[in-house]
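One structure is given here, and the rest of the page talks about it.
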Amino acid sequence: MNIAVLGAGALGCAIGGTLAQAGNRVVLINRNAAQVDAINTHGLVMRTPEGEQVLKTTAATSAQGLAPVDLVIVLVKSFHTEAAMGAATNLVGPDTTVLSLQNGLGHEDVLAQIVGREHVLAGKTYVGGVLLAPGRIISGTAGKETLIGELDGRLSERAQRIAATFNAAGLATTVSDNILGTMWDKLLINVSTGAVSGITRLPYGPLYQIPEIEATAVAAVREAMDVAAASGVQLSYTDPRDAWLKASAGLPADFKTSMLQSLEKGSVTEIDFINGAVVRWGQRCGVPTPVNATLVACIKGIESALNAH
């Protein structure tokens, strides 16, 4: 398959590199020139449990001048989706599929406005990647599931073809007939801990010791579940506390959510596509979401204070 990864950071390189290793033609697109130069000069260095591999693959700082591909995998930060895809429409031909594997909810709508809903496939991945240095990553693909699916739940030929390509490369991938439900399940996990940890600056150990924080987190998840039910989305959770408990399962006490990591770096968070998505969907279906709206407001305030200094 001819594949472009839009947003080839640690995760994009882990997925793109694994697909390239299996013989697909992959171009890794990342605005970071140091990352791109390192990959083009020395190859992509991927560290896995089996050891280090060096992959010869192409990288570029933009999609300019590139021909249409079979598949565009979108992995840019949520708030860059519109600008990144808007500048990469030349990658999309009549038969191109655009697959978002980003965190949160709402990218599929942003992408559909740019390339047309018929090109868009939604997905969620549990694959991990850590950037060690430009062009060097730790790739965590073993036993990590990826789910993809059509927004309307059809088990389409193109979704099955993409899943087959991923599986052939060793990326365990399933085509879901309820991808929105899958995305909401993952959203509930992010809703439960992202904002409360970002606001309090607490890693998981102390975060889970404070009953008032648990009560707030569970209330935020309950709102999200009510919104999902009113929107006809089928969840696998019935008790909001289960999402709060699952969020920290198997993770160390010093674990920090990506929202907390973003704020510590002084960068903007993905709040608009996490708790903000719950608020937006709630407005659409008439379900009030005061807890999530409050969490969004607090994070926006912290972001503003960081940018003021």
Side-chain angles (χ1 to χ4, degrees), residues 1-9 11-13 15-16 19-20 24-31 36 58-125 127 146-166 171 173 175-184 186-187 231 233 270 272-274 276-277 280-281 284:
M1 239 186 203
N2 219 338
I3 300 166
V5 178
L6 194 58
L11 179 58
C13 284
I15 291 174
L19 289 165
N24 297 285
R25 280 181 58 194
V26 178
V27 58
L28 302 168
I29 302 169
N30 188 318
R31 294 184 313 175
V36 168
T58 326
T61 52
S62 82
Q64 267 182 331
L66 298 176
V69 292
D70 303 319
L71 174 65
V72 179
I73 301 172
V74 183
L75 275 167
V76 294
K77 285 281 190 200
S78 302
F79 39 85
H80 291 318
T81 306
E82 194 172 351
M85 194 69 239
T89 50
N90 53 298
L91 295 173
V92 183
D95 301 320
T96 304
T97 303
V98 176
L99 168 65
S100 165
L101 289 176
Q102 297 155 285
N103 244 337
L105 194 67
H107 314 95
E108 56 292 345
D109 298 328
V110 176
L111 293 168
Q113 282 169 352
I114 298 167
V115 301
R117 192 163 277 269
E118 69 282 1
H119 286 282
V120 177
L121 206 60
K124 271 286 156 272
T125 188
V127 169
T146 299
L147 297 126
I148 65 172
E150 298 285 350
L151 294 168
D152 61 6
R154 280 179 311 120
L155 294 174
S156 68
E157 196 265 328
R158 68 171 177 179
Q160 277 154 343
R161 196 168 63 240
I162 291 164
T165 301
F166 276 48
L171 294 165
T173 303
V175 180
S176 167
D177 58 3
N178 179 27
I179 196 68
L180 269 178
T182 300
M183 290 162 77
W184 272 87
K186 177 118 192 253
L187 185 75
S231 305
V233 175
E270 298 186 286
D272 285 331
F273 291 84
I274 298 173
R280 268 197 311 285
W281 280 60
R284 228 179 279 164

Distance (rounded to the nearest 0.5 Å) between L187 CG and T182 OG1: 12.0 Å
Rounded distance [0.5 Å steps], CZ in R161 versus CZ in R158: 9.0 Å
Pairing residues for A88 by the side chain to side chain contact (heavy atoms under 4.5 Å, CB included) criterion, not counting sequence neighbours: L6, A63, M85, L91
Side-chain heavy atoms of L11 within contact of T125, under 4.5 Å: yes
Enclosure of R284 CZ (heavy-atom neighbours >12, cutoff 6.0 Å): yes
E118 atom CD, over 12 foreign heavy atoms within 6.0 Å: yes
Check: E108 side chain, S100 main-chain N or O, donor-acceptor pair, under 3.5 Å: no
Side chain N2, main chain V69, donor-acceptor under 3.5 Å: no
R154 bridged to D177 by N-O distance under 4.0 Å: no
Test item: side-chain donor near acceptor, H119 and T96, under 3.5 Å: no
Atom of I274, atom of G104 and distance for their closest heavy-atom approach: CG1-CA, 4.2 Å
Closest contact, heavy atoms only, A8 versus N30: O-ND2, 2.8 Å
Inter-residue atom distance E157.CD - I162.CD1, 0.5 Å rounding: 9.5 Å
pair L19-I73: side-chain heavy atoms closer than 4.5 Å: yes
Audit row: L71, F166, side chain to side chain contact (heavy atoms under 4.5 Å, CB included) steps and yes/no: CA-CA 12 Å; L71 174 65; F166 276 48; 4.0 Å; yes
Non-hydrogen atoms of G106 and F273 that approach each other most closely: C-CE2, 4.0 Å
Spacing of CG belonging to L99 relative to CG belonging to L101, to within rounding of 0.5 Å: 4.0 Å
Any side-chain heavy-atom pair of D109 and R117 under 4.5 Å: yes
Atom pair CD (E270) and CD (Q102), whose distance is rounded to the nearest 0.5 Å: 7.5 Å
Flag side-chain contact, heavy atom, 4.5 Å: L105 against K186: no
Minimum heavy-atom distance between L151 and V120, given as atom pair plus value: CD1-CG1, 4.4 Å
Heavy-atom side-chain contact between L28 and C13 under 4.5 Å: yes
Whether D70 side chain and M1 backbone form a donor-acceptor pair below 3.5 Å: no
Non-hydrogen atoms of S62 and L66 that approach each other most closely: O-CD1, 4.1 Å
Whether N103 side chain and S78 backbone form a donor-acceptor pair below 3.5 Å: no
G16 to V5 - nearest heavy-atom pair and separation: CA-CG2, 3.9 Å
Atom pair CD/CD1 of E150 and I148 - distance to nearest 0.5 Å: 8.5 Å
